[in-house]
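Computed from a predicted structure; not experimentally measured.
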Amino acid sequence: PPAPPPVPPAPPPLSQLVLECLHFFGCVYDPESHALGWSTAKGGRPVAVLVGRASSPGLATFALQPLLVLDPLDDANNAGKGCYRFCQVQALFRAA
């Protein structure tokens with residue numbers, strides 16, 4: 001008889017994903033040196049990517065904005081431009 005097909009691994013529980021998100025944005029992500037952007041390299045479907053602000057000269061126009069989240073529909077728009085208290089949000093994430 002043929003071997004049964006392999007069973008795909010179970011997805012991580014939602015609680016683990018939330019904790020990883022809190023850790024990343026609270027402890028790893030540095031809004032002064034990172035930006036959140038989008039890539040369509042994997043099959044044309046947009047996926048979030050982390051971009052270095054210093055390594056991307058085109059991001060200089062956003063230098064004075066505290067949080068940079070590139071709009072996937074408009075490269076000239078920073079979706080995070082109004083987040084002036086992001087450091088307080090990070091402190092809450094670290095404490096969680």
- Take atom CG in Asp75; do more than 12 heavy atoms of anything else shown fall under 6.0 Å from it? no

- Note on the structure: Taken to the nearest 0.5 Å, the spacing of Leu17 CG from Leu22 CG works out to 11.0 Å

- Message: Show, in sequence, the C-alpha distance, side-chain angles and deciding distance for Asn77 and Lys81, and conclude whether the side chain to side chain contact (heavy atoms under 4.5 Å, CB included) test is met.
- Response: CA-CA 8 Å; Asn77 184 36; Lys81 62 186 165 198; 3.2 Å; yes

- Message: Does Glu32 have more than 12 heavy atoms from other residues, nucleotides or ligands lying within 6.0 Å of its CD?
- Response: no

- Query: Do Leu19 and Leu92 belong to the same hydrophobic cluster, where Ile, Leu, Val, Met, Phe, Trp and Tyr are linked whenever their side-chain heavy atoms lie under 4.5 Å apart, directly or via other members?
  - Reply: no

- Query: Given side chains that start at C-beta, do those of Ser33 and Arg53 come closer than 4.5 Å, heavy atoms only?
  - Reply: no

- Taking the side chain as every heavy atom from C-beta outward, state whether Leu59 and Leu68 have any atom pair closer than 4.5 Å. yes

- Query: CG/Leu36 to OH/Tyr29 distance, rounded to the nearest 0.5 angstrom?
  - Reply: 4.5 Å

- NE2 of His23 to CZ of Phe93, rounded to nearest 0.5 Å, is 13.0 Å

- Query: Would a 4.5 Å heavy-atom cut-off, applied to side chains only, mark Pro31 and Gln90 as touching?
  - Reply: yes

- Message: Contact between Ser15 and Val18 at the side-chain level, heavy atoms closer than 4.5 Å - yes or no?
- Response: no

- Task: Measure the shortest side-chain to side-chain distance between Tyr84 and Leu67 over non-hydrogen atoms and say whether it is less than 4.5 angstrom.
- Result: no

- Leu70 side, atom CG; Asn78 side, atom CG - distance, nearest 0.5 Å: 7.0 Å

- Item | Closest contact, heavy atoms only, Trp38 versus Pro72 | NE1-CD, 3.3 Å

- Would one find more than 12 heavy atoms of other residues, nucleotides or ligands at under 6.0 Å from atom CZ of Arg85? no

- Shortest non-hydrogen pair, Val51 vs Ser56, comes out as CG1-OG, 3.3 Å

- Query: Looking only at heavy atoms, which two atoms of Arg94 and Cys87 are closest? And how far apart?
  - Reply: NH2-O, 4.4 Å

